[in-house]
Amino acid sequence: MERLQKVLAEAGIASRRKCEEIITAGRVQVNGEVVTTLGVKVNTEEDEIKVDGRTIGQQKKIYVILNKPKGVITSATDPEGRKVVTDFLPGIRERVYPVGRLDYDTEGLLLLTNDGEFAHLLTHPKHHVPKTYQATVKGVPHGTLLDKLRSGIQLEDGMTAPAEVEYADVNLEKKESIIQITIYEGRNRQVRRMFEAIAFPVIKLKRIKFGPIFLTGLPRAKYRHLTPKEVEELRNEALQTHNVQKGQ
């Protein structure tokens, strides 16, 4: 017996948090009866579970890495008809969802899956999975300014956690710098806002690493399946960082 929201997430319906919202909205039936209470336990072998009138099935788990192009929405669908990340997954019939987000103008490494538990593990704030970006910024910020990012900087939604920051390249002719930054949070437009806070706005932003997974070798707008080893490494990274935070 497992909790209903966990079963829905594992069936690829959505993340566990979203599945909880689906349940409380009255969209789920178990053996013909609407269930709106969280924590109800079900037997996947015996109980018939429907979402919006459709019986769920245990889908094959899909784990994908996409090199997201700039100018694409990080969503499975868009009501305005704009390009979305799932448009770049030819051959994948399963419904997959982005793990976290990349801004419309940000490119690079994006994970997608139909494994709600996996997505929840990687995006939950308590796990602090590191994400590394290459930021091209206007000007050449002094080392003391980068130290502010390293120690944490005040944004409108609070102080950021310490980041790892280093110069990757400097173009004196263009008066631009490429700076590599690793953050351990997932706030909206966080990297851009951090550089804005030190008055060096981002011109171009690309995510190059998520946990232990590198973008290396994957062309823009192309995807590949993660290997079982990579999936396990991502799980371990999330659990390890959680244990470190707890002092274990």
Side-chain angles (χ1 to χ4, degrees), residues 15-18 65-66 68 74 97-113 116-170 177-216 226 230-248:
S15 68
R16 184 188 288 194
R17 184 175 298 176
K18 185 65 177 177
I65 174 175
L66 169 70
K68 174 192 172 296
T74 302
Y97 302 87
V99 178
R101 306 188 68 81
L102 284 181
D103 297 334
Y104 181 78
D105 289 325
T106 301
E107 59 185 293
L109 193 162
L110 181 69
L111 301 176
L112 299 102
T113 185
E117 282 294 299
F118 179 76
H120 179 77
L121 185 68
L122 293 181
T123 56
H124 196 285
K126 72 181 180 183
H127 292 139
H128 302 278
V129 177
K131 293 169 280 290
T132 302
Y133 297 79
Q134 275 191 347
T136 303
V137 304
K138 291 182 180 179
V140 183
H142 193 274
T144 55
L145 292 175
L146 297 188
D147 284 340
K148 290 185 177 182
L149 304 184
R150 293 188 181 103
S151 59
I153 192 163
Q154 185 70 37
L155 301 179
E156 61 268 26
D157 52 355
M159 185 72 73
T160 64
E164 297 171 22
V165 188
E166 61 183 27
Y167 289 105
D169 195 13
V170 174
S177 307
I178 298 178
I179 298 172
Q180 187 164 298
I181 178 170
T182 299
I183 62 173
Y184 294 82
E185 303 168 284
R187 303 190 203 181
N188 184 42
R189 300 183 72 253
Q190 180 174 339
V191 172
R192 294 180 186 274
R193 290 191 292 130
M194 289 173 72
F195 280 102
E196 286 170 5
I198 61 170
F200 284 85
V202 171
I203 303 168
K204 179 181 178 182
L205 189 61
K206 181 177 184 178
R207 185 156 69 190
I208 59 173
K209 189 181 179 189
F210 193 120
I213 307 300
F214 289 88
L215 185 63
T216 310
L226 293 176
E230 288 174 326
V231 173
E232 189 62 24
E233 287 175 345
L234 280 163
R235 291 187 192 276
N236 290 340
E237 178 84 37
L239 294 172
Q240 180 181 3
T241 52
H242 179 41
N243 290 336
V244 168
Q245 291 292 321
K246 290 170 63 179
Q248 296 181 353

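- Contact annotation: the side chain of Glu107 never approaches that of Leu205 to less than 4.5 Å [non-hydrogen atoms, C-beta and beyond].
- The residue from Lys68, Lys204, Arg192, Arg207 that alone fulfils the side chain to side chain donor-acceptor pair (under 3.5 Å) condition with Thr106 is Arg192.
- The two residues Gly139 and Ser177 make their nearest non-hydrogen contact at O-OG, 2.7 Å.
- Atom OH of residue Tyr133 and atom CE of residue Met194 lie 11.0 Å apart, to the nearest 0.5 angstrom.
- A donor and an acceptor atom, one from each side chain of Tyr184 and Glu164, are located under 3.5 Å apart.
- For the atom pair CZ (Arg16) and OG1 (Thr123), the distance works out to 11.5 Å, reported to the nearest 0.5 Å.
- Rounded to the nearest 0.5 Å, atoms CD (Gln180) and NZ (Lys209) are 8.5 Å apart.
- Between Ile213 and Leu226 the shortest side-chain heavy-atom distance falls below 4.5 Å.
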Q) Can you list the steps and then say if Thr132 with Ile181 is a side chain to side chain contact (heavy atoms under 4.5 Å, CB included)? A) CA-CA 6 Å; Thr132 302; Ile181 178 170; over 6 Å; no
Q: Any chance you could lay out the side chain to side chain contact (heavy atoms under 4.5 Å, CB included) test for Val99 and Leu110, step after step, and finish with the verdict?
A: CA-CA 7 Å; Val99 178; Leu110 181 69; over 6 Å; no
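- For the pair Thr74 and Gly100, the tightest heavy-atom approach, listed with the atom from each and the gap, is CG2-O, 3.8 Å.
- The two residues Met159 and Ile153 have their closest heavy-atom pair at SD-C, 3.3 Å.
- Between the CG atom in Leu111 and the CD atom in Glu230 there is a gap of 9.5 Å [rounded to 0.5 Å].
- The environment of CZ in Phe214 is sparse: at most 12 heavy-atom neighbours from other residues, nucleotides or ligands sit within 6.0 Å.
- Of the candidates Thr216, Ile208, Ile65, Ile65 is the only one forming a side-chain contact (heavy atoms from CB on, under 4.5 Å) with Leu109.
- Within the 4.5 Å cutoff, side-chain heavy atoms of His127 are placed close to those of Leu121.
- Every ring-ring contact (aromatic ring centres under 6.0 Å, His included) that Phe118 has, sequence neighbours left out, goes to Tyr63.
- By the 4.0 Å N-to-carboxylate-O rule, Glu196 lies close enough to Arg189 to be salt-bridged with it.
- Lys206 and Gly108 make their closest contact through CG-CA, 4.0 Å (heavy atoms, listed as atom of the first residue, atom of the second, distance).
- The nearest pair of heavy atoms linking Ala161 to Glu185 is N-OE1, 2.9 Å.
- Judged by distance alone, the side chain of His142 and the main-chain N or O of Thr144 form a donor-acceptor pair under 3.5 Å.
- With values rounded to the nearest 0.5 angstrom, Leu112 atom CG is found 11.5 Å from Tyr97 atom OH.
- Side-chain contact check for Arg193 and Thr160: no donor-acceptor pair (N or O, by modelled atom type) lies under 3.5 Å.
- The distance from the CG atom of Asp147 to the CD1 atom of Ile198 is 10.0 Å, given to the nearest 0.5 Å.
- When atom types are taken as modelled, the side chain of Gln240 and the backbone of Glu237 share no donor-acceptor pair closer than 3.5 angstrom.
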Q | Stepwise side chain to side chain contact (heavy atoms under 4.5 Å, CB included) check, Ile179 with Leu146 | A | CA-CA 9 Å; Ile179 298 172; Leu146 297 188; 3.9 Å; yes
